[in-house]
Amino acid sequence: MLHLMSILLLLWKLKKSKSCVGISCRMQECYAIVFCLRYLDLFYQFISVYNTAMKVVFISSTFYLIFLMRFQPPVSATYDRTADSFPYEQYLLGPAAVLGFISAEEWSIPEIFWTASIWLESVSILPQLILLQQLREVENLTAEFVATMGAYRFFYILNWIYRYFAEGYVNWIGWLGGIVQTGLYVDFFYYYAMSKWYGQKLVLP
Amino acid sequence: GKEEAVKDEL
């Protein structure tokens with residue numbers, strides 16, 4: 001739900017301000033790849049209506065966000081491709097593919113894709129965080145968006161602890177990826193929490 | 001069983 005909320009916050013921000021200054025389209029592209037790799041099971045496995053609906057919403061809304069930022073004026077006119085230039089194709093995709101291949105529990109296409117998607121998701125926030133560090137001053141809605149985008153994985157960790165004790169659920173790759181992902185946010189959360197506590201604008205060092 | 005682990009998370 002936090003993940004969904006962060007997407008809705010971003011959509012709302014783009015529609016309201018008609019600007020995507022401070023938003024990394026490259027992060028959304030990473031997520032689009034994550035979703036496409038992971039949700040291949042839409043074609044051969046049914047888990048629940050909720051599960052299917054969320055997958056469809058995640059994929060379609062993420063592609064829509066990319067479309068808005070890259071191609072749809074007036075939002076696309078504000079997209080700064082020079083600032084948002086983190087080369088994830090080299091730094092994230094390659095390593096995620098290699099790690100996915102090495103650490104997959106079995107060498108099947110769905111398993112390798114799923115594993116690569118976990119590793120890629122864990123670092124997908126990097127283009128966004130790096131963009132914000134260049135700009136330093138973060139708009140309120142952008143701050144809320146990034147905070148919810150980080151918080152959802154933290155709540156997964158709580159759920160994994162519960163599931164481990166309640167059902168003996170084990171998911172080593174998911175756990176490791178989730179810890180890396182949440183860890184990358186710790187620094188941002190600190191400055192976010194401080195800005196909320198003191199009621200000031202979020203300014204990154 | 002572990003071999004039939006369903007990936008029920010998003």
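Letters A, B, ... are given to chains in the order of the sequence lines, protein chains preceding strands, and every chain is numbered from 1.
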Item to complete: For the residue pair B:L10 and A:Y156, establish whether any side-chain heavy-atom pair is separated by less than 4.5 Å.
Response: yes

Look at atom OH of A:Y91 and say whether more than 12 heavy atoms of other residues, nucleotides or ligands are closer to it than 6.0 Å.
no

Open item on the list: Could you check whether atom CZ of A:F154 has more than 12 heavy atoms from other residues, nucleotides or ligands sitting under 6.0 Å from it?
Closed with: no

- Item | Main-chain N/O of A:I47 paired to B:D8 side chain as donor or acceptor, under 3.5 Å | no

Most heavy-atom pairs under 4.5 Å with chain B, out of A:Y152, A:F58, A:Y39, belong to A:Y39

dist A:M54:CE -> B:E9:CD (nearest 0.5 Å) comes out at 12.5 Å

When you look at NZ of A:K18, are more than 12 heavy atoms from neighbouring residues, nucleotides or ligands closer to it than 6.0 Å? no

Checklist entry - Take atom OH in A:Y44; do more than 12 heavy atoms of anything else shown fall under 6.0 Å from it? => result yes

So, the part of A:F46 with a heavy atom under 4.5 Å from chain B: the answer is neither

